[in-house]
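Labels below follow one simple rule: chain letters A, B, ... track the order of the sequence lines, proteins then strands, and each chain is numbered from 1.
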Amino acid sequence: MSENHDHANNPDHHHDHGDHTHPGMDTEELGWHARRVQAMETLLAEKGLLTVAEVQRNVDAVESRSPADGARVVARAWSDPQFKARLLAEPEAALAGMGYQLPDPTPKLDVVENTAAVHHLVVCTLCSCYPRALLGRPPDWYKSFAYRSRAVSDPRGVLQEFGTEIPADAEVVVLDSTADLRYLVLPQRPAGAEGLSEDELAALVTRDSMIGVSQPLTPELVAADD
Amino acid sequence: MTAPRPPAFGNGDLVTVRAANPPTHYRTPAYVQGKTGRVVALCGVYPDPESLAHGGDGHPHKPLYRVEFPQTALWDNYPGPPGDRLQVDIYEHWLEPAA
């Protein structure tokens with residue numbers, strides 16, 4: 001099983017597939033929602049509307065992505081102005097050029113650029129829409145009622161709680177992704193990052209900076225950590 | 001299967017979001033309903049989510065707009081500066097020309 005079940009991209013995925021039992025996945029141990037989903041999946045498969053393999057492929061596709069993928073894209077944009085222009089104008093083509101295929105036909109992905117004058121912050125007030133095709137699963141706080149309600153009505157208060165101070169003369173723009181588009185924030189390249197390689201730049205790009213709740217790390221911070 | 005109508009709104013148009021609570025899976029947050037904003041982008045034409053979520057085929061497809069509001073137009077006591085904005089994606093059938 002393990003040879004065609006590669007989780008190399010996902011270091012958090014540790015469970016043993018040797019005998020293909022999934023610890024904690026016995027029906028009696030599942031919660032109400034998980035049992036309900038499992039029952040629906042079984043019914044849909046029995047009715048021939050989808051196959052278990054299709055479900056697994058979709059799960060694997062999301063699980064194979066992580067913020068490290070978004071960080072690669074941001075680092076490329078920081079170091080290559082032509083790529084950055086293309087990423088902002090034709091995100092799907094630019095991402096395809098890096099090997100990232102987005103779902104077809106939807107949801108589409110749009111990239112918004114943070115500058116000294118405009119700071120973008122992404123939320124989905126209706127549920128938890130998130131650029132999963134690039135960043136994987138959203139963090140739990142992104143799905144919380146507190147974040148979803150306060151990000152739209154007091155974004156600067158939320159930003160402060162993430163340690164992010166946006167000057168009063170810069171505009172904060174909240175993007176509520178409620179429909180067929182998902183948003184990736186292209187954070188501002190930190191000062192002192194000139195001359196770094198793409199890999200070194202990618203190490204500065206955090207998941208939260210691509211949601212817009214924080215700024216990327218600075219080279220000094222990363223150096224102090226080593 | 002009818003061809004979708006051309007989009008009714010263009011960039012810069014002032015639009016008011018309809019206030020409604022239909023018994024469908026609609027994607028228009030309550031906090032922008034009844035508010036007036038400005039179209040900043042046409043995001044494409046998509047299957048109608050209110051049809052898709054209830055077993056329909058999504059036709060007729062709906063133009064989707066990014067609509068921008070000044071934060072001070074959405075909240076009575078918005079605590080930030082007046083330049084702060086909010087953008088949200090709204091399907092055409094939820095929009096009317098602003099009075």
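The candidate with the highest count of non-hydrogen atom pairs below 4.5 Å against chain B, out of A:Asp110, A:Leu126, A:Leu175, is A:Leu126. Contact count against chain A (heavy-atom pairs under 4.5 Å) is highest for B:Pro29 among B:Pro29, B:Gly44, B:Ala30, B:Gly80. Counting heavy-atom pairs closer than 4.5 Å to chain A, the top-ranked of the candidates B:Glu68, B:Arg85, B:Gln71 is B:Arg85.
Heavy-atom contacts from other residues, nucleotides or ligands closer than 6.0 Å to NE2 of A:His33 number 12 or fewer. The local environment of CZ in B:Arg18 is crowded, with over 12 non-hydrogen atoms from other residues, nucleotides or ligands closer than 6.0 Å. Summarising the local packing, CD of A:Gln82 is surrounded by 12 or fewer heavy atoms from other residues, nucleotides or ligands at distances under 6.0 Å.
A:Glu171 and B:Gly83 get closest at one heavy-atom pair: CG-O, 3.5 Å. Taking all atoms of both residues into account, the shortest heavy-atom contact from A:Ala170 to B:Asp84 is O-OD1, 4.1 Å.
Under the 3.5 Å distance criterion, with hydrogens and angles disregarded, no donor-acceptor pair is assigned to the side chains of A:Asp154 and B:Tyr78.
Only the side chain of A:Thr106 comes within contact range of chain B, with at least one heavy atom under 4.5 Å from a heavy atom of that chain. Of the two parts of B:Tyr31, only the side chain, counted from C-beta on, holds a non-hydrogen atom closer than 4.5 Å to a non-hydrogen atom of chain A. Only the side chain of A:Val118 comes within contact range of chain B, with at least one heavy atom under 4.5 Å from a heavy atom of that chain.
By the 4.0 Å N-to-carboxylate-O rule, B:Arg27 lies too far from A:Asp180 to be salt-bridged with it.
Within the 3.5 Å criterion, the main-chain N or O of A:Thr178 finds no donor-acceptor partner in the side chain of B:Asp89. A donor-acceptor pair under 3.5 Å is absent between the side-chain atoms of B:Gln87 and the main chain of A:Ser177, judged by distance alone.
Between A:Val152 and B:Leu86, some side-chain heavy-atom pair lies under the 4.5 Å cut-off.
If you take OG on A:Ser153 and CG on B:Asp76, they are separated by 12.0 Å, rounding to the nearest 0.5 Å.
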